[in-house]
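Residue numbers count from 1 along this sequence.
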Amino acid sequence: MQYVNPIRDVETIQAMKEELRKSSIRDLLLFVLGINTGINLFDLLHLTVQDVWDGQSAKQFLYVKDEKTGEEKAYYLNGKIAEILMEYLSSMNWKAEDYLFKSKKDCQPITRQQVYRIINHAAREVGISEKIGAHTLRKTFGYHAYYKGIAISIIKSILNHHSTAETLRYLGVERGEKLPIKLDVNL
């Protein structure tokens, strides 16, 4: 597996969203769901409509059973996800058991390679020259969660890492790095 980077700049994330929206609302949802939950790519690609949608609106939490541990994890589906999900699901007639990220060729989920092509193409279009790939979604989630004040222990748990050092290395954060943390208790 090739080492890829998180997208560190919020304006670049916005530019990626705009670029992905041009090509496909599905691709935009894939990106937004990935960077806002940190869910691993296998689980992301195998989501069905019923995993995220209650029939009228987005569910508040997505529950995914971890294949390695057997533990069920909850991922919060925030307002940005809900908004794009509503737009995406209103565009077609969906069945509850349909894969959320269906291939245009068949009813199967898109492949890891297709995700790589989608993310990489959008990244090049917005001028990102760093190595970008499917893992960029998880890394972007973790990186921004860390700098918004989420405890590294929580991020470590979401990403299924064994140590804090592994998580910091994965996110590209130097141990001694002192950047201001944005802790926004938005009461």
Side-chain angles (χ1 to χ4, degrees), residues 1-53 58-67 73-89 98-104 108-126 128 130-148 150 154-161 167 170-173:
M1 181 179 78
Q2 188 180 47
Y3 180 81
V4 296
N5 295 307
I7 302 171
R8 293 175 175 87
D9 181 59
V10 176
E11 285 91 32
T12 305
I13 290 172
Q14 277 309 121
M16 283 282 293
K17 287 180 186 179
E18 291 167 18
E19 185 60 36
L20 288 163
R21 180 178 284 282
K22 286 182 203 173
S23 62
S24 159
I25 193 76
R26 179 200 70 190
D27 297 350
L28 173 63
L29 178 62
L30 175 81
F31 181 75
V32 169
L33 195 55
I35 67 171
N36 279 284
T37 63
I39 190 172
N40 76 47
L41 189 60
F42 177 84
D43 291 331
L44 186 63
L45 293 179
H46 288 86
L47 291 177
T48 61
V49 172
Q50 63 196 351
D51 293 330
V52 296
W53 192 256
K59 292 182 178 179
Q60 187 173 16
F61 287 94
L62 159 66
Y63 294 93
V64 176
K65 188 172 184 174
D66 185 278
E67 292 298 318
K73 286 192 152 194
Y75 296 89
Y76 177 63
L77 300 178
N78 67 23
K80 291 191 187 303
I81 295 169
E83 180 183 316
I84 296 166
L85 193 55
M86 167 109 34
E87 184 180 346
Y88 179 54
L89 294 178
D98 284 345
Y99 286 112
L100 198 56
F101 302 108
K102 278 197 295 194
S103 169
K104 292 173 183 161
Q108 294 302 305
I110 60 175
T111 64
R112 296 177 76 84
Q113 294 79 9
Q114 183 62 16
V115 173
Y116 174 83
R117 284 190 290 270
I118 290 165
I119 300 303
N120 222 294
H121 175 74
R124 299 298 161 246
E125 289 297 312
V126 301
I128 297 174
E130 294 181 287
K131 290 187 187 310
I132 297 292
H135 259 288
T136 295
L137 305 178
R138 274 172 65 88
K139 288 186 174 196
T140 300
F141 162 79
Y143 180 87
H144 287 278
Y146 179 72
Y147 284 109
K148 288 186 176 195
I150 304 299
I154 294 171
I155 299 168
K156 178 185 102 177
S157 173
I158 291 169
L159 298 177
N160 279 337
H161 289 164
T167 303
Y170 183 79
L171 302 179
V173 174

If you round to the nearest 0.5 Å, how far is [atom2] of [Y] from [atom1] of [X]?
X	Y	atom1	atom2	value
F101	L30	CZ	CG	5.0 Å
L44	L33	CG	CG	5.0 Å
L20	R26	CG	CZ	10.5 Å
F141	N36	CZ	CG	8.5 Å
L62	D51	CG	CG	6.0 Å

If you compare all heavy atoms of [X] against all heavy atoms of [Y], which two are closest, and at what distance to 0.1 Å?
X	Y	value
V126	A15	CG1-O, 3.5 Å
L171	R8	O-NH2, 4.1 Å
I119	M16	O-CE, 3.8 Å

Flag side-chain contact, heavy atom, 4.5 Å: I25 against L29: no
Validation row: L137, T37 side chains within 4.5 angstrom (heavy atoms): no
Verify, without hydrogens or angle tests, whether [X] (side chain) and [Y] (backbone) share a donor-acceptor contact under 3.5 angstrom.
X	Y	answer
S103	Q108	no
T136	N5	yes
R124	I128	yes
Y88	L100	yes

Partner set under ring pair (Phe, Tyr, Trp, His ring centres under 6.0 Å) for Y75, not counting sequence neighbours: none
Parallel, tilted or perpendicular: ring planes of Y99 versus H46, cut at 30 and 60 degrees: perpendicular
Ionic contact status for K80 with E83, cut-off 4.0 Å: no
Qualifying residue, where the test is side chain to side chain donor-acceptor pair (under 3.5 Å) with H135 and the options are Y116, Y170, Y3: Y170
